[in-house]
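To start, the structure under review is shown below, and the notes come after it.
Protein chains get the first letters and strands the later ones, always in sequence-line order, with residue 1 at the start of each.
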Amino acid sequence: MGVPFVHNSKGCSRQRRGCQSPGSGFGKRGNRQETGVEISKGRFERQDWHWGDRAHDGSPQNGFPRHTLMTKPTGKQQPPPDDDSSGKIQIPLAELIRTRRKKVVELTGRGVNCYPYRYENTRPVSELLSDFDDLAASETVVRLAGRVMLKRKMGKAAFADVRDAAQRIQIYVKVDNVGKDAFDLFDAVDLGDILGCEGTLFVTRTGERTLKVTSFELLTKSLHPLPDKHSGLTDKETRSRRRYADLIVNPEVRDLFVMRTRIVKAIRDFLNARDFLEVETPILQPLYGGGMAVPFTTYHQRLDRDLYLRIADELYLKRLLVGGLEKVWEYCKDFRNEGIDRLHNPEFSMIELYWAYADYKDMAELFEELLRHIVLETHGSYKIAYGEHEIDFEPRFRWVSMIDSIKDKTGVDFMGLSFEEAKKAAGEYDLEAGKLINRGKVIEAVWEATVEPSLIQPTFIVDFPVEISPLAKKHREREGLTERFELFVAGQEMGNAFSELNDPVDQLERFLQQGKALQAGDKEAQPLDDDFITALSYGMPPSAGLGFGVDRLVMLLTNQHNIRDVLLFPQMKDMKEGSVPVSGILAQIVQDEKESDST
RNA sequence: GGGGGUGUAGCUCAGUGGUAGAGCUCCUGCCUUUUAAGCAGGCUGUCGAUGGUUCGAGCCCAUCCACCCUCACCA
C-alpha cells in the first residue's frame with residue numbers, strides 16, 4: 001500500500017484505509033502535551049484535522065490517520081468546566097455520536113454485546129408478508145433481522161419499523177412480552193440500529209401487519225444518526241459519496257442497483273446460452289489500445305516500467321480469436337483519463353464480444369436479440385420509458401446507412417464526394433472547422449448535426465467512412481466506407497460493431513498512421529502494438545466484434561440521466577472543505593473514555 | 001474548458017445589512033395497539049473556504065473549492 005497504484009487517483013482510497021483497523025491507531029496519536037496543542041473549550045476546529053496518510057510519499061502507514069487535534073490560539077479559551085463536557089468535540093454530530101457510544105459502553109458493562117456474531121433462522125420480511133395470514137393464524141414463531149428505521153415508544157410498549165434487504169415490517173415490543181430488562185434495552189435502541197427479533201405475527205387495531213416480539217437481540221449498534229426519517233437524504237453529492245447512507249434511506253436506489261445486476265445477469269445468461277465464452281484479459285497492460293482515449297499510466301516497481309490501465313479490450317479479445325476460441329466476451333472495466341460529467345466516469349463498464357465467421361450483419365441480429373431479451377427480462381414488456389419518450393424494442397430496428405440518413409434528412413448525397421466537395425457541401429451547417437480534417441470527419445460532423453438527435457427508436461446507423469473507423473474492415477461493396485454499425489436509442493449511442501479488420505498489413509498501415517497522429521500530439525491516437533500485428537499475422541478468422549457501454553445501457557433501462565446515479569461508487573473530487581471525519585470524532589471520544597477510566 | 005445555479009445544525013429547509021431560525025433527529029419526563037405516534041421541557045452551528053466593503057456581513061463584492069444544470073469532446 002506504500003506506493004500509489006495509479007498516480008492520478010490520489011486520495012481515492014483515503015476513506016477506506018482509514019476504516020481498516022481503527023484499533024491499531026489510537027495509541028499512536030500524539031497527545032496534547034506532545035503536540036503542544038490544547039483542545040479548545042467545546043470547539044472542534046475543522047481545518048485543524050490532519051490526515052497523516054494524505055501524502056503519497058511511500059512512508060510507512062499504520063492504516064489509520066494520525067490524529068492531531070489542535071486549536072487556533074484565539075485567546076478566548078478558558079479552563080474546561082468541571083462537568084463532563086470538557087474536551088469534547090462539540091459539533092452537534094459529535095454529541096449525537098457520543099450519546100450513542102455511551103450506550104455501547106453502558107450496555108457492554110451490563111453484559112450486552114453490541115456487536116455479536118450471528119443471528120440464525122431469520123426469514124426475509126417479504127416472505128413473512130407474503131405468507132402472513134397462515135403464519136399469523138398458526139401463531140408460528142418467526143425470526144427476522146433488519147435495521148430500525150422508525151421507533152414509536154409509549155410508556156411500557158413500543159413500535160418500530162424494521163427493514164431488511166427488500167422490505168419493511170412493523171414490530172411491537174411490550175414489557176409484558178419481553179420482560180423488564182429487555183424492554184430497558186429496547187429503550188436504548190436508536191434509529192439505525194440493527195436488530196434480530198423473534199415473535200409471532202398479528203394485525204394491529206389500525207390494520208398494520210406486525211411482529212409481536214417475544215425476544216430480540218441487538219445485532220449492531222449504530223453510532224451515526226440516520227438522515228431525516230421523512231425527507232430522507234436528497235443532497236446528490238452526499239448520496240454519491242455515502243452510497244451506504246443513500247441505500248439505507250432510499251429504497252428506490254436499492255431497487256435500481258438490483259435492476260443493474262439483473263441487467264448484467266440477463267446479458268450473461270443470453271451469451272452463455274449461445275456458447276460465448278466469458279474470459280478475462282489484462283486490466284494492467286504494457287500497451288493500451290483498441291480505442292481512442294487518453295489512458296491512465298501507472299508504474300511497476302520490480303519491472304521498472306510504466307504500465308497502463310486498459311481503455312478497451314478489443315486487441316486482447318481478438319488475440320483469442322487468433323487462438324481459435326471463436327466466440328468470446330468479457331464484462332470489462334475500462335479506464336479513460338478524461339473528463340467527468342453526466343455521461344462519463346473515469347472507470348466504466350463495457351461488454352465486448354467477438355464472433356468468428358460472422359460479419360457485422362450477423363452481429364446486428366445478435367445485438368437486437370440480446371437487447372430484446374434484456375428488456376423483456378427486466379421490464380416484462382418490450383416498451384420502456386426514457387424521459388419524455390417511450391421506446392419500443394419489439395419492431396425490427398431500423399437499418400440505415402450514415403450517408404443515406406443524411407440524404408433523407410437534407411437531400412445532400414455525400415457518396416462519392418471528395419474531401420473538398422464534402423467540405424463545401426457541409427458549409428451551410430455550423431460545424432467546428434478544426435474537426436473537419438478529412439472526408440470522414442466531415443460526413444460524421446454533418447450526420448451528428450442533422451440526424452443523430454432524431455434517433456429515438458432503436459436504429460442501426462451503418463457503413464461509416466473508413467477514415468473514422470481504423471479497426472473496421474472495408475465495405476465489400478461501397479467505396480470509402482467500412483462495415484460498421486452503431487446503434488442509437490433515445491438519441492444516444494448504445495453500441496458499436498464492425499466486421500473486424502484481419503489483414504495484418506492493412507492493420508499495420510493504420511497503426512502507422514495513428515503513430516503519426518500520436519507524434520503530432522493527438523493524445524488519443526493508438527500506439528503501434530507489435531504483438532497484436534504478430535497475432536494477426538498468424539491469421540484471425542473473419543469475425544464480427546461488438547462493444548457497448550453497460551452504464552449507458554443501465555441508464556436507458558432505468559430511466560436515469562446521470563451516470564453517477566447508476567454507479568454505486570462514482571468517482572468524486574476531493575471532499576469539500578469543512579467536513580469533519582467521523583473517525584476523528586470517534587478517536588476523540590475513545591480518548592475521553594480512556595482518560596475518564598484512568599481517573 | 002464556456003455559460004447558469006446551489007452551498008446555513010446529523011437530515012430537510014427558512015432567513016434582502018443590525019443578537020443565527022424551524023421541523024425531524026438527539027436528551028429528560030409522561031404515556032401498554034402506535035404509525036411522519038402524541039404531550040411538556042431541553043441541548044445543538046467558525047452560515048463551503050479565504051480576502052474585501054461597512055460602525056456592523058449568513059446576506060453586498062472578489063477569488064477559490066465542491067455539487068447540480070447546460071454547451072463542446074471521449075463510452
### Message
Pairing donors with acceptors under 3.5 angstrom, does anything connect the side chains of A:R147 and A:T220?
### Response
no
For the side chain of [X], starting at C-beta, report the closest nucleotide among [options].
X      : options             : answer
A:H224 : B:C11, B:A37, B:G10 : B:G10
A:K103 : B:U33, B:C27, B:C11 : B:C27
A:R336 : B:U12, B:A75, B:U32 : B:A75

Classify [X] by what it touches in the nucleic acid, base, sugar-phosphate, or nothing, heavy-atom distance under 4.0 Å.
X      : answer
A:G549 : nothing
A:L226 : nothing
A:D551 : nothing
A:N496 : nothing
A:K229 : sugar-phosphate
A:Q492 : nothing
A:L233 : sugar-phosphate
A:G232 : sugar-phosphate

### Message
Reading RNA chain B from 5' onward, which residue's closest nucleotide shows up sooner: A:A157 or A:P346?
### Response
A:A157
### Message
Judged by each residue's nearest nucleotide on RNA chain B, which is more toward the 5′ side, A:D565 or A:F159?
### Response
A:F159
### Task
Identify, with sequence neighbours excluded, every residue that meets side-chain hydrogen bond (donor to acceptor under 3.5 Å, both in side chains) alongside A:Q513.
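Partners of A:Q513 by the side-chain hydrogen bond (donor to acceptor under 3.5 Å, both in side chains) criterion come out as none, since no residue qualifies.
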### Message
The criterion is side-chain hydrogen bond (donor to acceptor under 3.5 Å, both in side chains); which residues satisfy it with A:E352, sequence neighbours excluded?
### Response
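A:E352 satisfies side-chain hydrogen bond (donor to acceptor under 3.5 Å, both in side chains) with A:Y354 only.
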Is the phosphate of [N], meaning OP1 or OP2, less than 4.0 Å from a side-chain N or O of [X]?
X      : N     : answer
A:K153 : B:A37 : no
A:T234 : B:U12 : yes
A:N562 : B:C69 : yes
A:R152 : B:G38 : no
A:K156 : B:U33 : no

### Task
Check the distance between B:A66's C1' and A:R241's CZ and give it to me in whole angstrom.
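Taking CZ of A:R241 and C1' of B:A66, I get 7 Å after rounding.
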Is the [X] ring parallel, tilted or perpendicular to the [Y] ring (thresholds 30°, 60°)?
X      : Y      : answer
A:F202 : A:Y172 : tilted
A:F460 : A:F367 : tilted
A:F296 : A:F335 : perpendicular

### Query
Ignoring hydrogens and angles, does a donor from either the side chain of A:T204 or the base of B:U34 sit under 3.5 Å from an acceptor on the other?
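Side chain to base: pair present.
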### Task
Tell whether A:Q170 reaches the base of B:U34 with its side chain through a donor-acceptor pair below 3.5 angstrom.
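Result: at least one qualifying N/O pair found.
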### Query
Is any side-chain heavy atom of A:L211 less than 4.5 Å from a side-chain heavy atom of A:E198?
no
### Query
Using atom C1' of each nucleotide, how far apart are B:A66 and B:C39 to the nearest Å?
43 Å
### Message
Checking side-chain contact (heavy atoms from CB on, under 4.5 Å) between A:L150 and each of A:H230, A:K229, A:R163, which is the one that passes?
### Response
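So, applying the side-chain contact (heavy atoms from CB on, under 4.5 Å) to A:L150 and each of A:H230, A:K229, A:R163, only A:K229 qualifies.
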#### Entry: Canonical and wobble pairing (Watson-Crick, G-U, under 3.5 Å) of RNA chain B, dot-bracket with |
(((((((..((((....[..)))).(((((.......))))).....(((((..]....))))))))))))....
